[in-house]
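To keep things clear, I will list the structure first and then write my remarks on it.
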Amino acid sequence: MATRQPRQACPTPGARFAVLDPATGEEFDEAPDEQPDELDAIVGRSHEAWRGWRADAAARTTALLEAADAVEAAGTDIAPLLTREQGKPLSESYAEIARTAARLRYFAELVPRSEAITDGRPVRSEIRWRPLGPVAAITPWNFPLQLASAKFAPALAAGNTMVLKPSPYTPLATRLVGSVISTALPEDVLTIVTGHEPLGARLASHPGMRHVTFTGSVPTGRAVAQGAAASLARVTLELGGNDAAILLEDVDVEAIAERLFWAAFRNCGQVCMAVKRVYAPVRLYSRVVEALAQRAKNVVVGAGLDPGTQLGPVNNAPQLARIEDYTAQALADGARAVAGGHRLDRPGYFFAPTILADVPASSPVVTEEQFGPVLPVLPYGSVDEAVEAANGTGFGLGGSVWGTDLDRAEEVADRLECGTAWINHHAELSLAQPFAGSKESGVGVAGGPWGLYGNLRPFVMHRPQDARC
């Protein structure tokens, strides 16, 4: 497989759209606004590239390891661009780059295992694994590179090609990473397309796509699944969460407060697996609220490129409006903003880190995914009550339990209806573990060997043991 220079999906000048800096709310660059009718040719080239890419596993490993090195080498170009369009602190952008390179290396060396079937017949049967074909990927704006690599690394390692569409709020760093990676890959193995709807809908429903992987909201996920169903393409959907953290009676509030705060507020709360609700026992409720509020009041909020910034802006104006609406509704319902509770009076999409107390359990900031720097804290009388409340939404991505008796904490965590549960920490993932949600939080599995096999199909070879049979 010869390596070629990258070719953009849209090689000739055409329509473009503005990309805004969330720290200012102003345009700082633009990206190609590719149209749905361009996809037929793009998918056709992806299918042609698949013929060679799927044929040589050793060459794939070498290419993906080279791609990882290339991403790391380009980090000083990629990180500032990611911060400009997404808003996160520069250190977190570098962390995304490191995670992208690590994921490429992990999957490059992960090999599917053939398996013999022994069932007493005079036939030697073996399960082998084959790639699916071109894969469509649609990624959101909160972790543009990390979530893109969670899709392209296993798909490419499995022998598939990919057409990937990032969010129009954060297209630039993904395009740059795609260009960097493509210097190590054959032409058209990985193609990045950018634009507004209906580009994503057309990509998800394109008959040339054999697997559609999407991360985003539940309503859009349903639409993606419906589009993919037309061609019976496989779907993998990660549809967000409303993770609960349950603090037990024996919890050391001061010992866990810092970890709990950042489990909710990292990336300005724009994390699918962030803590989005805290349940504290009545006896400790005031202490928990105060400990979290103190940290919310003291955290440094600013532009991601400023060295002292700990918390950046919300990524985009519609999301800021959603957070404002949820907070205003909670306050109207009787909640107290112990910290924050309002938009900051400065340019850009900044919202004060907010801790809400006395929030009615029926308020949307509790029942829905707010996806921002707002955290409701609710009291409970019994652990059974807390578990029921934690499980009482349509989401089931993650959850956590906090306490000093680890056996007791594990017993409670085992009752949570979610894909991953943590004890005394939250949203920490290994590349080697599965990542999946329950209920409306997702379909399919990503991460680890499960992520690789999700991009493969079984092929069974039967061979008689005797040539005369």
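Just so we're clear, the structure is a prediction, and the values are computed from it rather than from any experiment.
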* Compute whether any side-chain donor of one residue and acceptor of the other, for Ser149 and Arg103, lie under 3.5 angstrom apart. => yes
* Asked: Can you tell if the side chain of Ile97 reaches within under 4.5 Å of the side chain of Leu145, non-hydrogen atoms only?
  -> yes
* **Main-chain N/O of Val135 paired with Asn160 side-chain donor or acceptor, under 3.5 Å** => no
* Asked: Does a side-chain heavy-atom distance below 4.5 Å link Leu284 with Pro281?
  -> yes
* To do: Working to the nearest 0.5 Å, report the span between CG of Asn242 and SG of Cys272.
  => 12.0 Å
* Rounded distance [0.5 Å steps], CH2 in Trp422 versus CG in Asp243 -> 6.0 Å
* Asked: With sequence neighbours left out, what residues match Glu92 under salt bridge (charged side-chain N to carboxylate O under 4.0 Å, His left out)?
  -> none
* Would a distance-only check, ignoring hydrogens and angles, find a side-chain to backbone donor-acceptor pair under 3.5 Å from Thr194 to Pro171? -> no
* Got Tyr94 and Pro89 here, is their nearest side-chain heavy-atom distance under 4.5 Å? -> no
* Asked: How about Asn298: does its CG atom have over 12 heavy atoms from other parts shown lying under 6.0 Å from it?
  -> yes
* With a 4.5 Å limit on heavy-atom distance, are the side chains of Ile323 and Pro373 in contact? -> yes
* Asked: Is it true that a side-chain atom of His426 and a backbone atom of Met273 form a donor plus acceptor pair closer than 3.5 Å?
  -> yes
* To do: Apply side-chain hydrogen bond (donor to acceptor under 3.5 Å, both in side chains) to the pair Thr220 and Ser217, showing each step before the final yes or no.
  => CA-CA 5 Å; Thr220 305; Ser217 70; 3.0 Å; yes
* **Residues Ser93, Thr83; criterion side-chain hydrogen bond (donor to acceptor under 3.5 Å, both in side chains); working and verdict** => CA-CA 6 Å; Ser93 291; Thr83 289; 2.7 Å; yes
* Are Met209 and Leu203 close enough that some pair of their side-chain heavy atoms sits under 4.5 Å apart? -> yes
* Structure fact -> To the nearest 0.5 Å, atom CD of Glu417 lies from atom OG of Ser441 at 11.5 Å
* Side-chain contact test, heavy atoms from C-beta onward, threshold under 4.5 Å: evaluate it for Leu172 versus Thr170 and give yes or no. => no
* Asked: Taking Thr213 as the fixed residue, which of Arg234, Glu238, Lys151 is the one that meets the side-chain hydrogen bond (donor to acceptor under 3.5 Å, both in side chains) rule?
  -> Lys151
* Run the side-chain contact (heavy atoms from CB on, under 4.5 Å) check on Ile192 and Val163 step by step: do they pass? -> CA-CA 6 Å; Ile192 311 298; Val163 179; over 6 Å; no
* Separation between OG1 of Thr420 and CG of Leu397, rounded to the nearest 0.5 Å -> 7.0 Å
* Does some side-chain heavy atom of Phe351 sit less than 4.5 Å from a side-chain heavy atom of Thr327? -> yes
* Asked: Relative to Phe214, does Lys165 satisfy both conditions: NZ or CZ under 6.0 angstrom from the six-membered ring centre, and within 45 degrees of the ring's axis?
  -> no
* **More than 12 heavy atoms of other groups within 6.0 Å of Glu385 CD** => yes
* Asked: Does Glu115 pair with Arg113 as a salt bridge, N-O distance under 4.0 Å?
  -> no
* To do: For Asn455 and His211, run side-chain contact (heavy atoms from CB on, under 4.5 Å): C-alpha distance rounded to whole Å, both residues' side-chain angles, the deciding distance at 0.1 Å, then the answer.
  => CA-CA 8 Å; Asn455 285 280; His211 180 197; 3.1 Å; yes
* Heavy-atom neighbours of Glu410 CD exceed 12 at 6.0 Å -> no
* Asked: So, for Phe459 and Trp129, is the gap between ring centers shorter than 6.0 Å?
  -> no
* Asked: Should Trp141 and Tyr349 be marked as a ring-ring contact (aromatic ring centres under 6.0 Å, His included) after you check the CA-CA gap, both sets of side-chain angles, and the distance that decides it?
  -> CA-CA 14 Å; Trp141 44 260; Tyr349 308 133; over 10 Å; no
* Asn267 (side chain) donor-acceptor with Gly269 (main chain) under 3.5 angstrom -> no
* Structure fact -> The reported gap from CG in Asn391 to NZ in Lys439 (rounded to nearest 0.5 angstrom) is 5.5 Å
* Answer yes or no: is there a donor N or O on one side and an acceptor on the other, between the side chain of Asp306 and the main chain of Gly308, under 3.5 Å? => no
* **Least distance between heavy atoms, Phe152 atom then Val177 atom** => CZ-CG1, 4.5 Å
* **Residue pair Asp333 / Gln329, side-chain donor-acceptor N/O under 3.5 Å** => yes
* To do: Would you confirm whether Tyr380, through its side chain, and Val387, through its main-chain N or O, come within 3.5 Å as a donor-acceptor pair?
  => no
* State, to 0.1 Å, how close Leu190 and Leu156 come at their nearest heavy-atom pair, and which atoms those are. => CB-CD1, 4.4 Å
* Backbone N/O of Phe395 and side chain of Glu440: donor-acceptor pair under 3.5 Å -> no
* Would you check if there is a donor-acceptor pair between the side chains of Arg283 and Tyr285 at a distance under 3.5 Å? => no
* Structure fact -> Heavy atoms of Ala63 and Ala184 approach each other most closely as CB-O, 3.4 Å
* **Short side-chain donor-acceptor distance under 3.5 Å, Thr404 and Asp250** => yes
* Taking all heavy atoms of Ala339 and all of Ala293, pick out the closest pair and write down the distance. => CB-O, 3.9 Å
* Flag side-chain contact, heavy atom, 4.5 Å: Thr191 against Leu164 -> no
* Salt-bridge criterion met for Glu72 and Arg105 (N-O under 4.0 Å) -> yes
* Under the side-chain contact (heavy atoms from CB on, under 4.5 Å) criterion, do Val443 and Thr236 qualify, and how do the steps go? -> CA-CA 5 Å; Val443 175; Thr236 302; over 6 Å; no
* **Modelled atom types, side-chain donor and acceptor of Thr139 and Thr215, under 3.5 Å** => no
* Check whether the ring centres of Trp450 and Phe107 lie less than 6.0 Å apart, and answer yes or no. => no
* Counting N and O atoms only, with roles assigned by atom type, does the side chain of Arg295 sit under 3.5 Å from a partner on the main chain of Ala291, one being a donor and the other an acceptor? -> yes
* Asked: Going by an N to O cut-off under 4.0 Å, is there a salt bridge joining Glu109 and Arg60?
  -> no
* Could you tell me whether the side chain of Gln319 and the main chain of Phe371 form a donor-acceptor pair under 3.5 Å? => yes
* To do: Using the salt bridge (Lys or Arg N to Asp or Glu O under 4.0 Å) rule, take Arg259 and Glu428 through it: C-alpha gap first, then chi angles, then the decisive distance, then the call.
  => CA-CA 11 Å; Arg259 273 175 287 149; Glu428 295 181 19; over 6 Å; no
* Provide the closest heavy-atom pair for Thr309 versus Leu311 in the form atom of the first, atom of the second, distance. => CG2-O, 3.4 Å
* Which heavy-atom pair separates Pro140 from Leu147 by the least distance, and what is that distance? -> CG-CD1, 3.5 Å
* In sequence, state the C-alpha distance, the side-chain angles, and the governing distance for Leu416 and Val401, and then conclude on side-chain contact (heavy atoms from CB on, under 4.5 Å). => CA-CA 9 Å; Leu416 296 179; Val401 179; 4.2 Å; yes
* **Straight-line distance of Arg336 CZ to Asp358 CG, nearest 0.5 Å** => 4.5 Å
* To do: Flag the pair Glu96 and Lys88 as a salt bridge only when some basic side-chain nitrogen lies within less than 4.0 angstrom of an acidic carboxylate oxygen.
  => yes
